[in-house]
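Reading through the structure tokens given below for one structure.
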There are 2 protein chains.
Amino acid sequence: MGIFSKTCEYAMRSVFFIAHRTSDGKKVGIKEISLGIDSPEHFLAKILQSLSKQDIVKSAKGPNGGFYMDEANLKRPLADVVKAIDGRKIFTGCGLGLSYCSEINPCPLHNDFKIIREKITKMLEETSIENFNENLNLGITSLKK
Amino acid sequence: MGIFSKTCEYAMRSVFFIAHRTSDGKKVGIKEISLGIDSPEHFLAKILQSLSKQDIVKSAKGPNGGFYMDEANLKRPLADVVKAIDGRKIFTGCGLGLSYCSEINPCPLHNDFKIIREKITKMLEETSIENFNENLNLGITSLKK
DNA sequence: ATAATAAAAGATATTTTTATCTTTTATTAT
DNA sequence: ATAATAAAAGATAAAAATATCTTTTATTAT
């Protein structure tokens, strides 16, 4: 297990992929996405259904249909994707899993962990999907094998 | 899901608890530990068996038996507990779950994520169980509800 | 030696996550 | 209108994580 669930990893990869592939205004189908990000097709379908409902991505049925993103979607922070799939635990949860843990009643890891949580939050909240996508479009970063 | 698996959370909590409770040279039993850290008893037993095999904690069977830690155990970094249970993924893994991701072939999150991984690694490697335990002994931090 | 204690080990069960397969619905082009 | 397309939705399955219960082994005190 990494920082994010596997489901969330697929979600982020697919969002980057969709953003990358539809900058020309076209749409991209699930088969192509799952191939492009190396994920199981039907499992990804579920994930994208969820992301679509939560307005992280847009979708259209029928011929020439597929997934795409509008300007508002692209401007959303990556944090929204993470929250949509994994919830808020990574932003607020205690490192030891203690629900009562807080500033007044800190667990042994609390202070160190707080700094890490803040870094993660900052990284995910302060950068939009569009931002992350920039380097992808420039070929500096990659989703491929 | 947080940063660590639930199993790993129990492991860390139990290690802190054992360190805290056996500073007087005594041992502490599994029932008391599971009560003290609010974990399922038999599940924790499995975890402690594993930690014991990996020499993170010591154990003794029979009357007056239980779990304890020696000086060497206490001096180990918390990272050893995490590695023993969750493996090395959190220290080295890609945020998007891409196995090929590296400095030469970075994923979109790579550079931001690297910084976070380094912070986590630093926090877990550079502080011993004993260190974390200090504040616990002073009553500054807590494992209790 | 025997009984009591406590961890180790083994077996099984439950829950959650991840994955697959099938049917339905909406949309488009003919 | 009809057929083709592609996502949505529903049903089921497999794998992994978490949890529980029982039996065995080692140790201690009597």
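To the nearest angstrom, P of dA19(D) lies 14 Å from CG of Leu48(B). Rounded to an integer number of Å, the gap from His42(B) NE2 to dA17(D) C1' is 18 Å. One interatomic measurement links the two molecules: NZ of Lys58(A) to P of dT27(C), which rounds to 15 Å at whole-angstrom precision. For the pair Asp55(A) CG and dA8(D) P, the computed distance is 13 Å after rounding to whole Å. Note: CD (Glu41(B)) to P (dT22(D)) measures 13 Å, nearest angstrom. Whole-Å rounding puts the Tyr68(B) OH to dT27(D) P distance at 11 Å. Atom CD in Glu9(B) sits roughly 13 Å away from atom C1' in dA17(D) (whole-Å rounding). Spacing between atom CD1 of Ile33(A) and atom P of dA8(D) amounts to 10 Å, rounded to whole angstrom units.
Between the Asn131(B) side chain and the Ser128(B) main chain, a donor and an acceptor come within less than 3.5 Å of each other.
Contacts of Ile30(B) with the nucleic acid, taken as non-hydrogen atoms under 4.0 Å apart, involve only primed sugar atoms and P, OP1 or OP2. Counting non-hydrogen atoms under 4.0 angstrom, Lys53(B) reaches the backbone sugars and phosphates but no base.
Judged by closest nucleotide on DNA chain C, Lys46(A) is the one of Asn64(A) and Lys46(A) placed further toward the 5' end. Along DNA chain C, the nucleotide nearest Ala60(A) and the nucleotide nearest Thr7(A) are compared for position; the residue whose nucleotide lies closer to the 5' end is Thr7(A). Looking at which nucleotide of DNA chain D each of Gly62(A) and Gln49(A) is closest to, the 5′-most match is held by Gly62(A).
Checking Gln54(A) against Ser50(A) by side-chain atom types alone, a donor-acceptor pair falls below 3.5 Å.
Using a 4.0 Å cut-off, no side-chain N or O of Ser59(B) falls inside it from OP1 or OP2 of dA6(C). Using a 4.0 Å cut-off, no side-chain N or O of Ser52(B) falls inside it from OP1 or OP2 of dA7(C). One finds a side-chain N or O of Tyr10(B) lying less than 4.0 angstrom from the OP1 or OP2 phosphate oxygen of dA19(D). Listed pair Lys6(A) / dA19(C) meets the phosphate criterion, a side-chain N or O lying under 4.0 Å from OP1 or OP2.
A cation-pi contact, defined as under 6.0 Å to the ring centre and within 45° of the axis, is absent between Lys27(B) and Phe67(B). Under the 6.0 Å distance and 45° angle rule, Lys26(A) does not count as a cation-pi partner of Tyr68(A).
Nearest nucleotide to the side chain of Phe43(B), out of dA7(C), dT27(D), dT18(D): dT18(D).
Looking at Lys61(B), its side chain comes within 3.5 Å of the base of dT25(D) through a donor and an acceptor atom.
With a cut-off of 3.5 Å on both Watson-Crick or G-U wobble distances, the partner of dA19(C) is given as dT12(D). Across every strand in view, dA29(D) sits in a pair with dT2(C) that passes the Watson-Crick or G-U test at under 3.5 angstrom.
Around NZ of Lys119(B), the count of heavy atoms belonging to other residues, nucleotides or ligands within 6.0 Å does not exceed 12.
Between Phe113(A) and Phe4(B), the ring planes lie tilted relative to each other; the angle falls in the 30° to 60° range.
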